[in-house]
Amino acid sequence: SINSENLHGWFQGDGVTYLYTPADLGQFNDDFWSTVDPYKLPGTTVDTAARADGAGQSHLSTRSWVGGATLDTNGVAGLELNPYGSSLTGKKSWFMFDDEVVCLGAGITCNNNTDVQTTALNRKISSANTNRFLVGGITMPSTLGWQTNLTNVTWCALDGTGGCYFPGGATLKALRQARTGSWSQINAGGTTTSTTKNYLSLWYD
């Protein structure tokens with residue numbers, strides 16, 4: 001975040017998972033960054049304490065465990081969390097295969113009096129809000145503003161994205177919403193014109 005740009009990039013170095021599919025190669029274009037919830041970037045574990053614009057701009061992690069390796073179509077990546085302004089710690093790993101990514105977290109702790117969230121999915125969906133969201137074979141409501149707590153979830157799937165499998169079952173929160181923002185909110189030189197995009201979010205609280 002320099003020159004008053006990328007003012008809400010607080011967690012972009014904490015393991016954002018960029019999933020591109022043949023049906024959705026433009027997921028992270030088309031006003032994604034001006035409308036996405038910056039506290040729910042896919043793949044990240046974050047301390048949800050409110051942050052000021054550009055907070056942590058020059059912060060360097062004190063941890064040395066980070067990196068990855070690739071071999072043909074397979075790969076592995078990992079990092080130890082040390083976010084700015086928080087006691088949050090933990091280790092995150094990603095094992096990438098031909099048609100799946102195994103995401104692991106371990107030792108995630110935080111002494112702050114705020115929620116810690118791990119976002120499994122936060123996907124920009126169609127402007128017509130037609131992407132079907134299935135949980136355990138049941139179609140969830142498509143109404144914008146719908147949110148719910150999900151328990152014992154073993155799998156879910158979102159049209160145009162793919163599916164998630166949770167070994168042993170998981171307790172998750174889900175939200176389907178329209179989010180409005182402008183580029184000027186994250187880039188001082190950006191347009192003040194507001195744009196609205198629809199999102200489906202799934203996270204551990």
Side-chain angles (χ1 to χ4, degrees), residues 1 5-46 66-79 92-105 117-135 139-144 146 153 155-166 172 174-187 189-191 193-204:
S1 177
E5 298 177 346
N6 198 31
L7 296 173
H8 297 170
W10 310 302
F11 309 111
Q12 291 173 11
D14 290 345
V16 180
T17 304
Y18 295 91
L19 176 64
Y20 294 89
T21 69
D24 192 11
L25 293 175
Q27 170 66 201
F28 302 100
N29 299 327
D30 189 27
D31 296 312
F32 176 89
W33 294 108
S34 63
T35 55
V36 70
D37 183 344
Y39 292 90
K40 288 188 175 68
L41 298 181
T44 60
T45 297
V46 307
V66 63
T70 60
L71 178 64
D72 294 327
T73 59
N74 297 330
V76 61
L79 65 84
K92 304 285 295 290
S93 299
W94 296 261
F95 296 86
M96 292 152 278
F97 304 100
D98 289 345
D99 57 1
E100 65 183 347
V101 180
V102 179
C103 309
L104 302 175
Q117 297 177 346
T118 296
T119 301
L121 185 72
N122 193 8
R123 201 74 177 173
K124 179 160 55 72
I125 56 178
S126 70
S127 58
N129 188 35
T130 55
N131 303 66
R132 184 179 55 158
F133 180 51
L134 292 171
V135 177
T139 300
M140 296 291 105
S142 60
T143 306
L144 292 173
W146 168 80
V153 177
W155 70 271
C156 64
L158 177 64
D159 283 352
T161 300
C164 299
Y165 170 61
F166 304 97
L172 302 160
L175 171 64
R176 192 174 190 125
Q177 67 175 161
R179 289 186 54 84
T180 300
S182 69
W183 283 99
S184 63
Q185 293 174 302
I186 60 172
N187 179 351
T191 177
T193 301
S194 295
T195 303
T196 299
K197 299 294 180 183
N198 299 327
Y199 286 85
L200 191 288
S201 308
L202 190 68
W203 71 95
Y204 298 86

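Values below: all heavy atoms of this structure, side chains included; hydrogens, waters and symmetry mates excluded. Along the sequence shown, the residues carry numbers beginning at 1.
- Of the possible polar contacts, none joining the Asp98 side chain to the Thr73 backbone as a donor-acceptor pair under 3.5 Å is found.
- In terms of modelled atom types and a separation under 3.5 Å, the side chain of Thr44 and the main chain of Val46 share no donor-acceptor contact.
- Listed by chain and number, the residues in a side-chain contact (heavy atoms from CB on, under 4.5 Å) with Ala23 are Thr21 (sequence neighbours excluded).
- Atoms OH and CD, from Tyr165 and Glu100 in turn, are 11.0 Å apart once rounded to the nearest 0.5 Å.
- With contacts defined as side-chain heavy-atom distances shorter than 4.5 Å, the pair Leu41/Thr119 does not qualify.
- Checking side-chain atoms of Asn198 against main-chain N and O of Ile125 turns up no donor-acceptor pair under 3.5 Å.
- Annotation: the span from Phe32 atom CZ to Thr195 atom OG1 amounts to 14.0 Å, rounded to 0.5 Å.
- Summarising the geometry of Asn131 relative to Arg176, their closest heavy-atom pair is O-NH2, 2.5 Å, with the distance given to 0.1 Å.
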Test side chain to side chain donor-acceptor pair (under 3.5 Å) on Thr45 and Tyr204; report intermediate values, then the result. CA-CA 9 Å; Thr45 297; Tyr204 298 86; over 6 Å; no

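- From Asp37, atom CG reaches atom CD of Gln177 across 7.0 Å, with rounding to the nearest 0.5 Å.
- The backbone N or O of Thr35 sits less than 3.5 Å from a side-chain atom of Arg179, completing a donor-acceptor pair.
- Closest approach of Asn187 and Leu7 over heavy atoms only: N-CD1, 4.3 Å.
- Between Tyr39 and Phe11, the ring planes lie tilted relative to each other; the angle falls in the 30° to 60° range.
- Residues Cys103 and Trp94 share a closest heavy-atom pair of SG-CD1, 3.7 Å.
- Under the 3.5 Å distance criterion, the side-chain polar atoms of Asn122 are left unmatched by any main-chain donor or acceptor of Pro42.
- For the pair Lys92 (side chain) and Asp14 (backbone), a donor-acceptor distance under 3.5 Å is absent.
- Inspection of the Gln12 and Asn6 side chains reveals an N or O donor paired with an N or O acceptor under 3.5 Å.
- Residue Leu172 holds its CG atom at 9.0 Å from SG of Cys164, rounded to the nearest 0.5 Å.
- In this structure, the separation between OG1 on Thr118 and CG on Leu202 is 11.5 Å, given to the nearest 0.5 Å.
- Not a single ring pair (Phe, Tyr, Trp, His ring centres under 6.0 Å) links Phe166 to another residue, sequence neighbours left out.
- In this structure, Ser184 and Gly190 approach most closely via the heavy-atom pair CB-O, 3.5 Å.
- Of the inter-residue distances, the one linking Leu121 atom CG with Leu175 atom CG reads 11.5 Å to the nearest 0.5 angstrom.
- Residues Lys197 and Asp30 are paired through a salt bridge, judged by an N-O separation under 4.0 Å between the basic side chain and the carboxylate.
- A donor-acceptor pair under 3.5 Å is formed between the side chain of Gln27 and the backbone N or O of Lys124.
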